[in-house]
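Reviewing the structure listed below.
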Amino acid sequence: MPPSPRPHWPSVSVCSEPARAGVPLLASVGCGAREGMSSKKVAGVVVLVAAVLACAVSLTKRGRGSGDERRASRAAQARRAPVLFFTDITSGPSRGGRDDLGAFVSIYGDGFGERRGRSTVTIGGTRVARYVVWGEDNAVARGQDLIVIQPGPRAVSGEIVVTVDGRASNPLPFTIRSGRIHFVAPDAPNARDSNPGTWELPARTLHGRSRDLQPGDIVYVKGGRFEEADPRCPGWDAVLCIFPEDHPSGTPGAPVAYVGYPGDPPVLGGPGPMRRAIILGDTMAHYVIAGMEFTHRGGLLEVHGEGHRIVGNYFHDGIHSNGGVIGVGGDTAHHALFGNHLRDNGEAGDKMNGSGLYVQGFGVNLDIDFGWNQIEDQRGARAIQAYGHRDGDRIEDLRIHDNLISGSELNNIVLGGSDGATPVLGTVHVFNNVIVGSGDSGLRINDPEGAVIVENNVLYDNGSPGLSGARAQLHVERAGTGRVTLRNNILYAGSDQSYFLIGTEAGPSAISASHDLVFGAGGCPEWDVACVNADPLFADADALDFRLRAGSPAIDAGVATEIHHDYVGNARPRGAAYDIGAIER
C-alpha cells in the first residue's frame, strides 16, 4: 500500500486589521496569497494502519466519518467555542521582524473555521496586528487547526483568546518581552552569513547566526534544504549542533528559538544519510524547535538538557537509528513535545533501531510532556519507548496524552525495561490517546516498580499478526502489586486478539482496574470493577473516528478522574458522568 501523503504546510496570507493608533496600515491589507505559494489545506490524511493488516484507512480531522456523522460533527462544533491546545512559543517580542510587527505566534487548537471572517485573536485583551495563517485541519498532526499571528506594537502580556462567531476560547498565556528576530533564507539571492540576519538581508545557513544569538532571540528559517554537516562540530555528523561553544542557553522567560517560517519551512535532510539532523547538547537549556521538516537522517532530533519545547515539526522517512526519531536522554528535564507528526521512520524488521519517541535514560529523564502528536507506521520497532540503559537510570513524570498512534510494526507504546540492573520507571500517565493497529500489543508495560496510570484511551485492533506473540490491546509483562491503574479505557479486540495479556511477573494483583469497556474477545475480566462488555458504537472505526454514537454504553459510564479535557478539547465530563474512551459525547 502507498504511504500517507506528506502533510501540507499552510499557505501564508498576510492580513491586517484596519489602521489604529500605533499600528501601520499595511500595503498588503486583505488575505491574498503571497510569493506564489499555492493554497494548501489538510482536508484528509490517509493512514496506513499497518502493513500487516492488509488494509488502509482514511484519516480526516478527528477521524471523522462521512454523511450524517460528518454533518453532526460540524453541527456540534458550531455549537461550542473554539478550543486552544498549545502555542509554539509562549513569549516573544511585539516589535522587530517582518514589518516591525514582532514574532510569528502559531496557535494550535480546534474549531477555528476554514476562513477567518470576523473571528479575532487577542493577547492581553488587545487585538493582534496581523493574521498570517487562518485555517481548519491545516496543522501537520492529527488534523488540528492552526492560526499564525503577529502581535504588533500595541500588544501587552496576557492571555491569548480566539473568538469565533462570538464564542471565546479558553485562554493560553503569552508574555510580551524583548528579544531580537533573525531570518535565515538560503534561497534568497542576497543571503549571506555575513549579513545582519534581517528580513531584507538574511543569513544563508542554519549556523550562520549562532554566534550572535542571545537569550530571547528567535531565528526564522525560510525554505531551503539543509543537507550538509555543521562544520563547527566535526565528528557529530549533524546538520545543526546546538552546543555551548557556539550557542547561548535560553532562560525560562527568554528561550532561544529556531522556527520554520510560516508556510515555507526548511527541510533538514537529503538523499545522503547522516546520523543526525539537530542535536541539543547536554548543557543547553530552553530552546524551541518548531515548524520544521526532518527527513533522511538517523536520529532526526536529539534532545538533551533542560526546558526545551518541540512543536509542530514533521519527521518522515528517517533511516533506522538506535537513538530514535526524537531521542530524549541524559540528565534532562522539563520538555514539552507538542503537535509533531512522525511518519514512516525506521527500518522494517530491525526492532533494535526504530523507535519514534525514545525516552532512553542515560541519567534521570524528568517531566517529559508528549501531547497532541501523531505517530504512524513506525517501522521496525515502536512508536513510543521508555527504556533505561544503565544502573540508576530513571524516567519520572512522563505524560503521554492526546496522541494518535497507529500502525507500528511492533508495539505502539512500550514502557519499561533496561540494560541496567535497576528498574527505570517512576510515574507515567497515559491518557486520552487513540492507540490503533500495532503488530504486537498496543501498550506494553515492563517494570516492577513504575506507577503507570492508563485512563480514557481507545485501544483498537492491536496485536495482529503478533510478531512477538503478543496479540493483546494491553500487555502487562512485569509490574508490582497495584502499580498499574486502568480506568475508563475502551479495549476493542479483533477476532484473533485479546484484551489483556498478563505476564507471570505481574498477575492480576498488579492491576487496579475499573470502569473499562471491552468488546470483541469475550467478557470482562473479574478483576475489572464496573467493567462494561458491549459494542461501544464508534462513529466510524474504519476511518479512525472514535467518537461515540448516541446510545453508546460508554456514555456516562466512567469514573471521575483528574483529566478535565478529552482528545478533541471537550470538557470532562459533558454529561452526568465521565464517558469511557478518549472522546466525550
Side-chain angles (χ1 to χ4, degrees), residues 80-81 83-86 90 108-110 142 159 169-173 333-339 359 365-373 384 386 395-405 413 415-416 425-435 443 445 447 449-459 474 476 479-491 510-517 527-532 536 546-548 554-585:
R80 73 167 189 170
V83 176
L84 308 188
F85 296 154
F86 54 90
T90 59
Y108 294 80
D110 185 72
R142 272 195 40 190
E159 295 175 335
S169 72
N170 59 299
L172 291 177
H334 314 307
H335 301 316
L337 301 97
F338 295 158
V359 184
N365 311 151
L366 173 65
D367 182 18
I368 312 299
D369 193 351
F370 188 78
W372 299 284
N373 303 281
I384 299 174
I395 298 170
E396 178 65 63
D397 194 13
L398 170 62
R399 301 181 300 283
I400 301 169
H401 63 93
D402 299 286
N403 303 291
L404 173 59
I405 307 168
I413 303 175
L415 302 173
L425 292 187
T427 299
V428 180
H429 198 181
V430 181
F431 62 96
N432 283 352
N433 300 285
V434 173
I435 302 168
L443 169 59
I445 299 169
D447 191 278
E449 294 185 6
V452 182
I453 304 164
V454 183
E455 297 175 316
N456 281 107
N457 302 281
V458 170
L459 295 100
L474 175 63
V476 182
T481 300
R483 304 299 287 175
V484 178
T485 300
L486 307 178
R487 289 187 291 228
N488 297 353
N489 303 286
I490 296 177
L491 298 95
I511 303 172
S512 174
S514 71
H515 295 81
D516 298 300
L517 183 151
W527 40 263
D528 196 330
V529 177
C531 173
V532 177
F546 294 102
R547 290 176 300 114
L548 303 173
I555 296 172
D556 294 343
V559 63
T561 71
E562 294 302 312
I563 305 170
H564 300 304
H565 71 275
D566 72 356
Y567 177 85
V568 297
N570 294 321
R572 287 191 190 275
R574 298 183 83 189
Y578 276 56
D579 293 351
I580 301 175
I583 304 174
E584 287 276 315
R585 169 73 182 186

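Note that the numbering runs from 1 along the sequence shown for the chain.
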Just verifying a value: how many Å separate [X] [atom1] and [Y] [atom2], rounded to the nearest 0.5 Å?
X: Leu425; Y: Asn365; atom1: CG; atom2: CG; value: 10.5 Å
X: Asp447; Y: Leu415; atom1: CG; atom2: CG; value: 9.0 Å
X: Ser512; Y: Ile453; atom1: OG; atom2: CD1; value: 10.5 Å
X: Asp367; Y: His334; atom1: CG; atom2: NE2; value: 5.5 Å
X: Leu172; Y: Leu84; atom1: CG; atom2: CG; value: 4.5 Å
X: Asn570; Y: Asp579; atom1: CG; atom2: CG; value: 9.5 Å

What is the minimum heavy-atom distance between Glu455 and Asn457, and which atoms define it?
O-ND2, 3.0 Å

For Val83, is there any backbone N or O sitting under 3.5 Å from a side-chain donor or acceptor partner on Asp110?
no

Begin with the C-alpha distance, continue with both residues' side-chain angles, and end with the deciding distance and a verdict on side chain to side chain contact (heavy atoms under 4.5 Å, CB included) for Asp397 and Thr427.
CA-CA 5 Å; Asp397 194 13; Thr427 299; 5.7 Å; no

Distance only, no hydrogens: is a donor on one side chain within 3.5 Å (strictly under) of an acceptor on the other, for His565 and Asp402?
yes

Residue pair [X] / [Y], side-chain heavy-atom distance below 4.5 Å:
X: Asp556; Y: Arg585; value: no
X: Ile405; Y: Asn373; value: no
X: Leu337; Y: Ile368; value: yes

Let me see the working for Ile490 and Leu548 under side chain to side chain contact (heavy atoms under 4.5 Å, CB included), right down to the final yes or no.
CA-CA 11 Å; Ile490 296 177; Leu548 303 173; 4.3 Å; yes

Pair Arg572 + Asp566, salt bridge at N-O below 4.0 Å:
no

Derivation of the side chain to side chain contact (heavy atoms under 4.5 Å, CB included) call for Phe431 and Asn488
CA-CA 10 Å; Phe431 62 96; Asn488 297 353; over 6 Å; no

Please determine whether side chain to side chain contact (heavy atoms under 4.5 Å, CB included) holds for the pair Tyr567 and Asn456, giving the CA-CA distance in whole Å, both sets of side-chain angles, and the decisive distance to 0.1 Å.
CA-CA 9 Å; Tyr567 177 85; Asn456 281 107; over 6 Å; no

Specify whether Phe85 and Trp372 have parallel, tilted or perpendicular ring planes, treating 30° as the upper limit for parallel and 60° as the lower limit for perpendicular.
parallel

